[in-house]
J.: 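My questions will all concern the structure given below.
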Amino acid sequence: MDNIKSKLFIQTIVDVRDDFEEKYEKAFRTYEEAITGVNNKELHELLSGSICKEKQHEEISLALIYLILTDTTAAPKTYSDLTLLTHDGFAFVTNNLAMLVAEKYQRLNDVPRKQMLWFLKELIKNQVLNVDNLVWNILRQASGGDISPKNVALVDGLLDIFIEHRTWLEKDQFLVGTVIYTFLRYQDWFQEKYFTTPESQSLRSDLIRFIIGAIHPTNDMLCSDIIPRWAVIGWLLTSCTNAVAQANAKLSLFYDWLFFDPQKDNIMNIEPGILVMYHSIKNHPLVSCTLLDFLCRIMKHFYPKGEDRVRAGIYNSLRIILEKQVIPNLFPLLESSKLDRELKLSLRENFRDFFSSSVATPAIFSTLSSVKALSVEDDQQSETDRIEDNYNHTENIVNYNTSNEELKFSDDEDENKLNNVKDEVSDDDDLPLSKVLEMEKPIVQSIPEELLSSIDAFANSKNADDFELLMDELIETGLLNNDQETYINERIALILQQSLFGCSIFPESKSEECLSDTISGPIFCLFKMMLQTDEKQKQLMKNLVMHVQKQILSAGYLLLHYLKVNAKLQTRRKENVTSAFKGNVYKYYCTMIDSPFEDQLKKDLEILERTNARLFFWILPDLYKEYKNVMLNNIDLLTLIIGAIDANNLRDIIFNVTQGKLVMFTSDDIIDVIRETLEYETFEQFCFWQLIQAHDIPLESFQDIIPELDTSVHAEALTYILLLLKNEKPSTELVKCLLSRESKTRADAFVISVLRCWCEEYEGKLSEIIAGLLQSKYPASSPNKRKRPLKSSPLQHCTPSSEQILIHLEHFRRSCRHGNGTGTGLYVQNEMQRSLQQAFAHSTDSQKKHFADLFALAAEDETSAAVGRRSTSSRGRKPPASKKESSASNSSSKKNTDTTYGSDDSTDVSRGRKQFELIKLLLVIKPYFAHLICTKPH
């Protein structure tokens, strides 16, 4: 079997198939044997039968993937079979394809490579979910600078797909940035296509802003061969030939520097500017010099009235750059021998505060380079802070060539940093070499040897025991100066960060042993010490925690996890005692890092949801219980939850709500929350309304939103509210809200549906309520006597006008003609009859004409025979005529009925009145002849 040539993978004499490759081959062989001699009907039965068998389903899916990738002719039909087979929305297929591309793409044959793009195109065309992960993995296979036929075919194929399905691509902001950034590795093609015309000069500044603001590379992107952002921006700057466009391009690069606020703004927006200057100073000094000169000039000339604010923004940018160690120090820039004397003087004048720190920083940084580590979850850290040697991947940059040797930061280079600094300083007449050497004396030499030994022991083991010994040694050492304490705290934070690699903190089971294991790491020892710190150690712990939080952005949610697990363990160890979640500890943590509690909680939960959704939903009930004031009806948190929720999470949340363990909403201000959720996607709104139902939120707390909902836009909300109203009894407030909905041009199906439901059981009560609302719109006494307006009430904006009531009654009347007769009795009630007669008497001619058929349903009796015909010129009334006289009058004036009721078609009016009189008669005799009565009169 092993000697059979594979259609999927390239196989040479020395290649041995691994389990991954054999899995596809074996699945296809088994499938091929099973379908031999099988017709289409039997094949479909086989596929349908395998859906409920998980193992068989997976094997057949792998076989179909194999067939699609190796047989171009059978691919369309096989894709249809795969569509019939899948029961998870192609999740298994997309995951296996992404894994295949990530691990085995280079070993795929030519046909499977071509078919992979065809497969991707079909998945995108059919709106399959989670295809972005597959796209991202395929993009990584497109090598920059590689003009081989295979690579060019891959790049062209991807570009065709993105152009054809641009609408799909634009929905994923992260993927848009990845695609554009990927195709910027092909700079010759990009420049020829977009930068050849004079108008394209201004495009560079827009592109620079896009790269800075929208493309924030993750760890995986930095570890790939993608060119760093600063290198692309450097190429854009040097390829710009127009002076005005070049100035705008520089402004685009430094725009975020001008008013930078470390508390609000992202360091990723200022990082490219410093990296362009830092990496260009050696081989492209002109680029660095022009940018430094631009910074000096823009301080004074960008906004003369606000020069102090601009200067403060630029200073803040440089401070955070040094603090986060985006670059080791500013010395190579500010003290470079390649700067002319005039520029040096300008730099000293404008950046005087940074000249001393730019020399002192290298000694501290060089001691930290050996323990530099990547963050476990942080995908928004600085590019240099996350990985130093990622700048050795720039290839074939037009007008901005930078070789691998120029970009590489190796361990050998760290040893020679001081020598490099000496060479740079020796060429500068302004700063003596002796002073530089004195300032470069490593701070580590002044730290006690015992403390350094403890740090080294902890760095080697990274376990909790050595961390506790280190902290004991640190406390016993006593006072340290600021530089010493900063160095130690940074070392500890970096080692704690390294200790998190490969650690899973979500408990696989809820046993005491598993729970204890999840909080056994050294960082949790730090949290434990926070609970036990005395007054003398508070400042020491605060400084350490601040460094840890800056280095490990996941520290906040790790603390929340520790507090939950600790409470569970304490409860189990103390029988019949429930230990509370110590929420004040997290608030104390926020105070220690000088961050507002609500803002920090939101930030930590966002990181947690993005990193570990299972842990996010596990911690959630405790947070809602502990931080009720912040969490309840919190729309930001709700959006975070709904965006990450799936069916299982929804089930667990509803179980917790039902059991009383979780409360997410209260009736107060729930209507504001509902308004915000109207913009959610359909599935998200479905989940939201399920949560609302689980909380038994009373309808009256959000019934005021009914008039605001649009039938064509807010289908999800209206559907749920309709189901609620179906189980409610009609009340004056509900009917007011219902009839306040706008429905001038066409019937409101929502209103009609609710009225029909209510008429089945509460027809009399509903008729009485609507009649009362309609009568309240007209004066009950003399027309010349005005009523005093009522005081405003909370439901005043939900009070319908008379015309709104008549419109809904007219639309409902029309719907009754085509239904089963339900609702026709609404108009027979005495109160409704009187209200319609009263409405007719006070209506304008146009209203009488428009609602003629509706008014025709108001039957005349002894007290209302003259409705619509009595004179409005006098207050008195004539005595009512006898029944015979009334009958004779009606008979003689039959021709005038169209004038009485304002209808253009007297035949329709007469027919409508006869039909309604028949309905009244049927309602009277129905109890006696129910078996003979037809619900729809003929």
Side-chain angles (χ1 to χ4, degrees), residues 371 373-378 453-475 488-489 491-533 537 540-541 544-545 547-549 551-575 577-586 588-589 592-593 604-605 607-608 611-623 626:
V371 293
L374 301 179
S375 172
V376 179
E377 294 88 6
D378 179 26
S453 299
S454 298
I455 294 175
D456 292 337
F458 175 49
N460 292 329
S461 66
K462 299 181 181 62
N463 60 40
D465 294 335
D466 285 328
F467 177 73
E468 291 181 351
L469 293 175
L470 169 60
M471 294 305 297
D472 292 339
E473 185 68 37
L474 183 60
I475 294 171
I488 292 171
N489 289 337
R491 283 289 308 272
I492 293 175
L494 285 167
I495 300 171
L496 288 173
Q497 185 184 53
Q498 290 177 326
S499 69
L500 293 173
F501 289 166
C503 294
S504 176
I505 62 172
F506 185 81
E508 295 302 326
S509 70
K510 303 304 184 290
S511 65
E512 184 171 338
E513 182 180 358
C514 286
L515 290 173
S516 299
D517 287 343
T518 64
I519 58 171
S520 60
I523 194 170
F524 299 105
C525 290
L526 176 65
F527 299 149
K528 183 179 179 181
M529 293 176 183
M530 288 173 54
L531 305 178
Q532 305 169 351
T533 303
Q537 301 172 8
L540 175 66
M541 289 298 298
L544 177 57
V545 169
H547 281 84
V548 169
Q549 189 272 335
Q551 189 70 30
I552 307 174
L553 294 187
S554 59
Y557 79 69
L558 290 175
L559 174 58
L560 293 173
H561 168 71
Y562 170 78
L563 295 175
K564 178 179 178 71
V565 174
N566 183 64
K568 277 186 169 294
L569 292 176
Q570 293 296 328
T571 301
R572 292 184 181 182
R573 291 165 184 169
K574 300 177 181 178
E575 295 184 1
V577 177
T578 301
S579 296
F581 182 96
K582 298 180 179 178
N584 287 333
V585 177
Y586 180 80
Y588 176 54
Y589 163 80
M592 295 176 78
I593 62 174
D604 288 333
L605 290 179
I607 297 173
L608 175 56
T611 306
N612 193 330
R614 293 176 67 195
L615 185 62
F616 172 76
F617 285 104
W618 188 59
I619 292 178
L620 213 54
D622 296 86
L623 301 183
E626 184 65 25

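Side-chain atoms are counted along with the backbone in the values below, which use heavy atoms only and exclude waters and symmetry mates.
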J.: Between CH2 of Trp618 and NZ of Lys510, what distance do you get to the nearest 0.5 Å?
T.: 6.0 Å
J.: If you look at every heavy atom in Ala567 and Thr571, which pair is closest and at what distance?
T.: O-OG1, 2.8 Å
J.: Any side-chain heavy-atom pair from Phe527 and Asn566 closer than 4.5 angstrom?
T.: no
J.: Locate the shortest heavy-atom distance separating Tyr589 from Ala555; write the atom from each residue and the value.
T.: OH-CB, 3.8 Å
J.: What's the spacing between Leu623 CG and Tyr586 OH if we round to 0.5 Å?
T.: 8.5 Å
J.: Check the angle between the aromatic planes of Phe467 and Phe458 and answer parallel, tilted or perpendicular using the 30° and 60° thresholds.
T.: tilted
J.: Just jot down the side chain to side chain donor-acceptor pair (under 3.5 Å) partners of Asn489, sequence neighbours excluded, or say none.
T.: none
J.: Could you tell me the separation between the CD1 atom of Ile552 and the OG atom of Ser499, rounded to the nearest 0.5 Å?
T.: 6.5 Å
J.: Taking only residues at least two apart or on different chains, which pairs with a member in residues 458-468 satisfy salt bridge (charged side-chain N to carboxylate O under 4.0 Å, His left out)?
T.: none
J.: Measuring from Ser554:OG to Ile505:CD1, what's the distance to the nearest 0.5 Å?
T.: 7.5 Å
J.: Test side chain to side chain contact (heavy atoms under 4.5 Å, CB included) on Leu558 and Leu500 and set out the steps.
T.: CA-CA 11 Å; Leu558 290 175; Leu500 293 173; 4.0 Å; yes
J.: Walk me through whether Glu473 and Ile455 qualify under side chain to side chain contact (heavy atoms under 4.5 Å, CB included).
T.: CA-CA 10 Å; Glu473 185 68 37; Ile455 294 175; over 6 Å; no
J.: Nearest 0.5 Å, please: how far is OH in Tyr557 from CG in Asn612?
T.: 6.5 Å
J.: Determine the minimum heavy-atom distance between Leu496 and Ile523, stating which atoms define it.
T.: CD2-N, 3.8 Å
J.: CG/Asp604 to CD/Gln549 distance, rounded to the nearest 0.5 angstrom?
T.: 7.5 Å
J.: Do the non-hydrogen side-chain atoms of His547 and Arg491 ever get within less than 4.5 Å of each other?
T.: no
J.: Would you be so kind as to tabulate the donor-acceptor pairs closer than 3.5 Å made by side chains of residues 513-521, with sequence neighbours excluded?
T.:
residue : atom : partner : partner atom : Å
Ser516  : OG   : Glu512  : O            : 2.8
Thr518  : OG1  : Leu515  : O            : 2.6
Thr518  : OG1  : His561  : NE2          : 3.4
Ser520  : OG   : Asp517  : O            : 2.8

J.: Do Leu544 and Met471 make a side-chain contact, defined as non-hydrogen atoms from C-beta onward lying under 4.5 Å apart?
T.: yes
